**Student:** 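I have a structure I would like to understand better, so I am pasting it below and will then ask my questions one at a time.
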There are 2 protein chains.
Amino acid sequence: MTTGLQDFLEDIQRVENFEEFQDATVKLRDLLGIAHVVYHWVNSVGERFGAGTYSSEWVDRYLEKDYLRMDPVIFGCFQRFTPVSWKQLDWSSKAAKAFYRDAMDYGVGNQGYTIPIRGPNGQFALFTLNDNTTDDAWDQLIARNERDLVVVAHEFNKKALSFDAQNEVQVGPSLSPREASAITHLAKGLSRSQAAVEMGISEHTLRVYIESARHKLGAMNTTHAVARALSMGLIIV
Amino acid sequence: MTTGLQDFLEDIQRVENFEEFQDATVKLRDLLGIAHVVYHWVNSVGERFGAGTYSSEWVDRYLEKDYLRMDPVIFGCFQRFTPVSWKQLDWSSKAAKAFYRDAMDYGVGNQGYTIPIRGPNGQFALFTLNDNTTDDAWDQLIARNERDLVVVAHEFNKKALSFDAQNEVQVGPSLSPREASAITHLAKGLSRSQAAVEMGISEHTLRVYIESARHKLGAMNTTHAVARALSMGLIIV
DNA sequence: TTTACCCTCCCCAGAAATAGCGAGGCAGGG
DNA sequence: CCCTGCCTCGCTATTTCTGGGGAGGGTAAA
């Protein structure tokens, strides 16, 4: 560790509740001398959890306007493994530009760096640093802390997951091999009859797998089941 | 960084092909003075990519016996976010015990530490350290390198992903807001009629969006379209 | 201004999926 | 040994989707 982040890691590990978690984001912000530090996650059921230094006005507006569905940071990170500087993202669409302007108006800085983190059952979280500064200054800050930040982001996520585990006793469903196979074929676009041929079983049997998978996944129909299996990482197309 | 892993990180970043990737695992093994270092990724469909210091006999046997389906390391890591020591896993089932004995016979050490890593589109990889030593010695080694190893694991995965990306020339399609919205509702489990109500339009209109999205995505049916939109990261449920 | 894409609405017939019931065999863990 | 979970197959009626065909108006870029 080349900066003071080493000590900060110890702090995170002592976090025991949401308030302390929130405090940790503030502390990290001050430590780095930047405008904002934010952690939030989106899970496959649509629940959300977040902490950070954005103003509550901005958070409310973000939710109200459903910016989640047009935020280039979300989209960019969703398709990527590596952290991204916001500059690298595609802000060309009209919606994205409007969103960007709106964010600035609510005190979000022009420079951002977001680390995507993925957990079990399709959990997807983002850890973001934000500031108002020049490209050069920002790049230097990132370059200096790049590796440590990955570790910090993971520690934040670990904590967030541990909070969540208290509430949810469930470990997420799992599919039997045949169920997974059936759902996978459907996700590839095969009809039930085609999938049955592919698997060498009767369509009736295949249907039982789909039904069974549907129930395990708590899905209302086949399409929903496929969507859930995909976002929980139970199948891969 | 508290160990020599700092320099090693530079090495990984210079890796340009599979041979160098493989060499990097060997180098890390020697650096840490342990028996094995292995990176591999799992793709529940069966595709795999891997590099490491396990003997080819063991790798072959692993595949031949389909150990992927009963390996407690795979299972454990799949449900977890944090790295695990193999000791913490559940080795109580008959199949797991047989697998463990077999692994020992093929030169795998009794101590293991595996870091799960998840990427876009349900990518799931494992980075494993392995050695033959006492519990105490192993715990100390891990404690000393815990954080650095997370970074190292991520660098390995980044490289592996970049090799894979060379093969795929993807310039995905994009959906119009209404199309994306329609597909998102279907992915949430709504029927066409429900989704139409939700969007405040007629079911006929909704159908046009779905059709249009289907064509853009090159999908054979609605389920396929939803699956593609999800795995391309075009929608978020 | 033209072109292109987006949003909205309509009809119909055939294909496919769904919900609800059933049955039996086989393996593993407690 | 029993129980649970998995794999396999069957029937029927109802609902939903799919694949064609239309039409008109809006906005934005070329």
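The structure displayed is predicted, hence computed values, not measured ones. Convention: sequence-line order gives letters A, B, ...; per-chain numbering from 1.
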**Student:** Checking side chain to side chain contact (heavy atoms under 4.5 Å, CB included) for the pair B:L126/B:I117: CA distance, chi angles, key distance, verdict?
**Tutor:** CA-CA 6 Å; B:L126 299 172; B:I117 316 166; over 6 Å; no
**Student:** Would the B:F81 and A:H154 ring centres measure less than 6.0 Å apart?
**Tutor:** yes
**Student:** On the side chain of B:R207, is there an atom forming a donor-acceptor pair with the base of D:dG21 - under 3.5 Å, no angle test?
**Tutor:** no
**Student:** Is it true that A:K87 and A:D139 have a side-chain N and a carboxylate O under 4.0 angstrom from each other?
**Tutor:** yes
**Student:** Please round to 10 degrees the angle between the axis of the first five pairs and the axis of the last five pairs in the helix from C:dT1-D:dA30 to C:dG30-D:dC1.
**Tutor:** 70°
**Student:** Apply the test side chain to side chain contact (heavy atoms under 4.5 Å, CB included) to residues B:M232 and B:L175: give CA-CA distance (whole Å), side-chain angles for both, the deciding distance (0.1 Å), then the verdict.
**Tutor:** CA-CA 11 Å; B:M232 289 181 184; B:L175 299 180; over 6 Å; no
**Student:** Applying side chain to side chain contact (heavy atoms under 4.5 Å, CB included) to A:Y113 and A:T128, what does each step give before you reach the verdict?
**Tutor:** CA-CA 6 Å; A:Y113 183 75; A:T128 296; over 6 Å; no
**Student:** How is A:T205 classified with respect to the nucleic acid when contacts are heavy atoms under 4.0 Å: base, sugar-phosphate, or nothing?
**Tutor:** base
**Student:** Is there a residue in residues 208-216 of chain A whose heavy atoms reach under 4.0 Å of DNA chain C, and which residues are they?
**Tutor:** A:E211, A:R214
**Student:** Expressed in angstrom and rounded to an integer, what is the separation of A:L175 atom CG from D:dC6 atom C1'?
**Tutor:** 13 Å
**Student:** Want to settle it: does B:S93 or B:I201 sit nearer the 5' end of DNA chain C, counting the closest nucleotide to each?
**Tutor:** B:I201
**Student:** Measure CD/B:Q194 against P/D:dT15 and give the value in whole Å, please.
**Tutor:** 15 Å
**Student:** Just by distance, do the side chain of B:R61 and the backbone of B:S56 share a donor-acceptor pair under 3.5 Å?
**Tutor:** no
**Student:** Calculate the interatomic distance between B:L217 atom CG and D:dT18 atom C1'; express it in whole Å.
**Tutor:** 17 Å
**Student:** Per the ring-ring contact (aromatic ring centres under 6.0 Å, His included) rule, which among B:Y67, B:W86, B:Y106 passes with B:F99?
**Tutor:** B:Y67
**Student:** B:H224 has an atom NE2; how far is it from atom P of D:dT18, in whole Å?
**Tutor:** 13 Å
**Student:** Let me know the distance between NE2 of B:H204 and C1' of D:dG22, rounded to the nearest Å.
**Tutor:** 13 Å
**Student:** Shoot me the first and last contacting nucleotide of DNA chain C against chain B, ordered 5' to 3', at under 4.0 angstrom to non-hydrogen atoms.
**Tutor:** C:dC6 to C:dG29
**Student:** Taking only side-chain N and O atoms of A:S176, does any of them lie within less than 4.0 angstrom of OP1 or OP2 on D:dC6?
**Tutor:** no
**Student:** Do A:Y62 and A:Y54 make the cut of ring centroids closer than 6.0 angstrom?
**Tutor:** no
**Student:** For the pair made of CD1 in B:I183 and C1' in D:dC17, what is the distance, rounded to whole Å?
**Tutor:** 13 Å
**Student:** Please report the C-alpha distance between A:H40 and A:I74 in whole Å, then the side-chain angles of each, then the deciding distance to 0.1 Å, and finally whether the side chain to side chain contact (heavy atoms under 4.5 Å, CB included) criterion is met.
**Tutor:** CA-CA 11 Å; A:H40 65 123; A:I74 304 270; 4.0 Å; yes
**Student:** Can we call the ring centroids of B:F78 and B:F124 under 6.0 Å apart?
**Tutor:** yes
**Student:** Atom OG in A:S55, atom CD in A:E57: separation rounded to 0.5 Å?
**Tutor:** 4.5 Å
**Student:** In whole angstrom, give the distance that lies between atom CG of B:L186 and atom P of D:dC17.
**Tutor:** 8 Å
